[in-house]
> 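There's a structure below that I have some questions on.
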There are 2 protein chains.
Amino acid sequence: MNNYSFITMSENNIISIDSVIENLISIHPLLSKTFTRSIRHKTNLNPGSLYVLGVLTHYEKLSMSEIGCKLAMPKPHVTNQVDKLIVENMVERFFDPADRRIINIRITPKGIEDFNDIKQSISEEMRHKLELLDNETLEKLSVASLQVKEILMTIDMDRTKTSGTCCKSE
Amino acid sequence: MNNYSFITMSENNIISIDSVIENLISIHPLLSKTFTRSIRHKTNLNPGSLYVLGVLTHYEKLSMSEIGCKLAMPKPHVTNQVDKLIVENMVERFFDPADRRIINIRITPKGIEDFNDIKQSISEEMRHKLELLDNETLEKLSVASLQVKEILMTIDMDRTKTSGTCCKSE
DNA sequence: ATAAATAGTTATACTTTTGTAACCATTTTT
DNA sequence: AAAAATGGTTACAAAAGTATAACTATTTAT
């Protein structure tokens with residue numbers, strides 16, 4: 001029985017992983033299209049810049065490489081997107097006192113404010129859709145999306161290839 | 001008390017919608033990057049073609065416009081992506097007997113098979129990450145992602161602008 | 001029957017993102 | 001001190017996706 005329960009456990013696990021991936025793959029284009037489109041129409045920022053801004057709201061500071069890692073974005077592209085955000089005073093660079101090669105980025109108060117405005121604006125359409133859901137469904141979606149978000153954020157989608165090494169252990 | 005409870009209800013609702021959007025916006029780049037990168041490296045298909053293929057696994061048939069609607073993809077782009085899938089024998093066109101302007105697309109058995117292979121392959125990295133999660137977390141993610149997926153799929157991310165009208169009522 | 005609307009394609013210009021390699025500055029290794 | 005590794009930038013080529021308009025074929029409305 002021990003053995004048996006172990007096997008089913010493991011089986012379940014595999015099934016679980018596949019179904020998770022299945023779900024995530026389905027979720028992705030739905031979100032991708034909604035937000036990307038809105039971003040294009042309602043802001044001057046590239047989708048990429050906005051992702052950078054977004055990830056910076058979750059961390060006090062990130063180095064250029066870490067940003068690229070969190071978003072699996074090539075380093076040269078990170079440079080470009082951060083440059084744009086700096087022009088807009090939404091983020092700022094500062095050297096790492098311990099290692100002067102490292103350039104850290106943090107979001108500015110203006111960045112936080114702007115990001116909130118942008119979020120409001122790009123999510124207008126989706127808000128209208130969500131308003132049509134009944135309370136129970138909405139609540140379910142709220143809890144479920146929070147869980148997905150939190151779990152995914154603990155997973156580093158790192159890549160070691162594109163341009164030098166990427167995320168190290170957190 | 002009735003009134004009060006109504007107000008809090010409504011407040012909660014607004015808070016819920018905002019937090020849902022917040023979560024979805026956070027989830028999006030995480031998935032986007034993971035899958036997009038893998039798609040690029042492990043298949044010959046564009047990400048776009050794969051999204052089309054994916055959405056076709058969920059519906060028996062879809063017209064060109066409906067595909068564009070489900071994915072919020074401009075119609076000319078849908079044409080391109082479907083063309084590529086047809087060359088690979090992964091989907092097929094057939095006229096709608098009731099209205100010969102409409103071209104319906106359905107996935108072929110080969111398409112289903114290939115899509116499964118591709119899914120396996122593009123999700124390898126993510127599978128390794130997910131394997132590191134403990135069972136409880138994985139189970140939570142499985143349930144939560146399923147809920148998010150199912151709810152989002154009931155919401156049409158339609159757009160009426162790009163190229164003529166889009167999704168009509170389901 | 002004619003005009004207007006709809007579904008889809010073609011063509012084209014454009015933006016965003018990716019991939020690669022060369023390069024500088026700094027740190028680590030030896 | 002010299003060599004190797006690391007973090008970041010620059011520059012350029014290529015892929016993917018977006019926007020728009022013009023066009024054909026079919027259907028619907030008048």
Side-chain angles (χ1 to χ4, degrees), chain A residues 29 32-52 61-69 71-86 93-105 159-168, chain B residues 29 32-52 61-69 71-86 93-105 159-168:
Chain A
S32 176
K33 297 304 168 171
T34 318
F35 291 121
T36 307
R37 282 294 301 268
S38 294
I39 290 167
R40 236 175 272 274
H41 289 287
K42 310 214 169 151
T43 76
N44 309 321
L45 296 175
N46 295 343
S49 300
L50 209 65
Y51 302 156
V52 171
K61 66 175 166 59
L62 288 174
S63 72
M64 299 297 284
S65 297
E66 284 169 337
I67 292 171
C69 164
L71 301 173
M73 190 183 273
K75 278 208 279 188
H77 195 38
V78 175
T79 301
N80 286 334
Q81 304 311 69
V82 168
D83 280 350
K84 286 180 187 170
L85 293 172
I86 284 178
R93 280 186 239 256
F94 62 101
F95 282 97
D96 194 315
D99 182 343
R100 290 186 38 221
R101 289 172 304 182
I102 298 175
I103 296 183
N104 288 305
I105 311 294
R159 326 220 65 263
T160 345
K161 261 180 63 184
T162 308
S163 315
T165 46
C166 197
C167 303
K168 43 201 63 171
Chain B
S32 175
K33 298 304 171 172
T34 318
F35 291 121
T36 308
R37 283 295 300 267
S38 293
I39 290 166
R40 237 176 271 274
H41 289 288
K42 308 213 171 150
T43 77
N44 310 320
L45 296 176
N46 296 344
S49 302
L50 209 64
Y51 302 156
V52 172
K61 67 173 165 56
L62 288 174
S63 72
M64 299 297 283
S65 297
E66 284 169 337
I67 292 172
C69 163
L71 301 173
M73 189 183 273
K75 278 208 280 187
H77 196 37
V78 175
T79 302
N80 286 335
Q81 302 314 70
V82 168
D83 280 350
K84 286 180 189 170
L85 293 172
I86 284 179
R93 279 186 238 257
F94 62 102
F95 282 97
D96 192 315
D99 182 343
R100 289 184 41 219
R101 289 171 304 181
I102 298 175
I103 297 184
N104 288 305
I105 312 295
R159 325 221 66 262
T160 345
K161 261 181 62 182
T162 308
S163 313
T165 44
C166 199
C167 304
K168 43 200 62 169

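A note on names: the letters A, B, ... follow the listed sequences, proteins ahead of strands, and every chain is numbered from 1. In this text the structure is predicted, and so the values were computed from the model without any measurement.
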> What is the minimum heavy-atom distance between B/Ile67 and B/Leu62, and which atoms define it?
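Answer, listing the atom of B/Ile67 first, then B/Leu62: CG1-CB, 3.7 Å.
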> Considering only nitrogen or oxygen atoms on both sides, find all protein atoms under 3.5 Å from nucleotides 26-30 of chain C and state each distance.
from: C/dT26; atom 1: OP1; to: A/Arg100; atom 2: NH2; distance (Å): 3.0
from: C/dT27; atom 1: OP1; to: A/Arg100; atom 2: N; distance (Å): 2.8

> Could you state the interatomic distance from CD1 (B/Ile86) to OG (B/Ser49), rounded to the nearest 0.5 Å?
11.0 Å
> Report the distance from atom CG of A/Leu85 to atom CG of A/Asn46, rounding to the nearest 0.5 Å.
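A/Leu85 atom CG to A/Asn46 atom CG measures 9.0 Å (nearest 0.5 Å).
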> Could you measure the distance from the CD1 atom of B/Ile105 to the CE atom of B/Met64? Nearest 0.5 Å is fine.
5.0 Å
> So for the helix from C/dA1-D/dT30 to C/dT30-D/dA1, with five pairs setting each end axis, what is the inter-axis angle to 10°?
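Taking five pairs per end, the axes differ by 30°.
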> Of all the nucleotides listed (D/dT18, C/dG8, D/dA11), which has the minimum atom distance to the side chain of A/Pro76?
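It is D/dA11.
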> May I have the distance from A/Asn80 (atom CG) to C/dT18 (atom C1'), rounded to whole angstrom?
11 Å
> Got a second to check how far A/Leu71's CG is from A/His77's NE2, nearest 0.5 Å?
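Separation between the atoms: 9.5 Å.
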> Out of curiosity, B/Asp83 CG to B/Gln81 CD, how far, rounded to the nearest 0.5 Å?
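Here the interatomic distance stands at 9.0 Å.
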> Mind calculating the distance between NZ (B/Lys75) and P (D/dC23) to the nearest angstrom?
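After rounding, the reported distance stands at 17 Å.
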> I want to check one thing: is the phosphate of C/dT9, taken as OP1 and OP2, less than 4.0 Å away from some side-chain N or O of B/Thr79?
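Yes, because at least one side-chain N or O of B/Thr79 sits under 4.0 Å from OP1 or OP2 of C/dT9.
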> For A/Phe95, is the CZ atom crowded, meaning more than 12 foreign heavy atoms sit under 6.0 Å from it?
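No, the 6.0 Å shell around CZ holds no more than 12 heavy atoms from other groups.
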> Heavy atoms only: give me the nearest A/Ser63-A/Ile102 pair and the separation to one decimal.
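Taking A/Ser63 first and A/Ile102 second, the nearest heavy atoms are CB-CG2, 3.7 Å.
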> With a 4.0 Å limit, can you tell me whether B/Arg40 has a side-chain N or O closer than that to the phosphate oxygens OP1/OP2 of D/dG17?
no
> For B/Gln81 and D/dG17, is the shortest distance between a side-chain N/O and OP1 or OP2 below 4.0 Å?
yes
> Whole Å only: how far is the CG atom of A/Leu45 from the C1' atom of C/dT15?
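In whole Å, C/dT15 C1' and A/Leu45 CG are 14 Å from each other.
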> Rounding to a whole Å, what distance do you find between B/Ile103:CD1 and C/dT10:C1'?
13 Å
> Write down the atom of A/Ile39, the atom of A/Thr43, and the distance for their closest heavy-atom approach.
O-OG1, 2.9 Å
> Closest approach of B/Met73 and B/Gly48, non-hydrogen atoms and distance?
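B/Met73 and B/Gly48 have their closest heavy atoms at CE-O, 3.8 Å.
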> For A/Ser65 and D/dG8, is the shortest distance between a side-chain N/O and OP1 or OP2 below 4.0 Å?
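True: A/Ser65 side-chain N/O within range (under 4.0 Å) of D/dG8 OP1/OP2.
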> Give the rounded distance in Å between these two atoms: CG of A/Asp83 and C1' of D/dT10.
11 Å
> Figure out the CG/P separation between A/Leu71 and C/dT17, and round it to whole Å.
11 Å
> Take the protein atom CD1 of A/Ile39 and the nucleotide atom P of C/dT16, then report the distance between them rounded to whole Å.
11 Å
> Using only side-chain N and O atoms of A/Asn46, determine if any of them is under 4.0 Å from OP1 or OP2 of C/dT17.
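Checking C/dT17 against A/Asn46, a side-chain N or O does come within under 4.0 Å of OP1 or OP2.
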> D/dT18 C1' sits how many Å from A/Lys42 NZ, rounded?
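In whole Å, D/dT18 C1' lies 17 Å from A/Lys42 NZ.
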> Nearest to the side chain of A/Ser63, which nucleotide is it out of C/dT16, D/dG8, D/dT9?
D/dG8
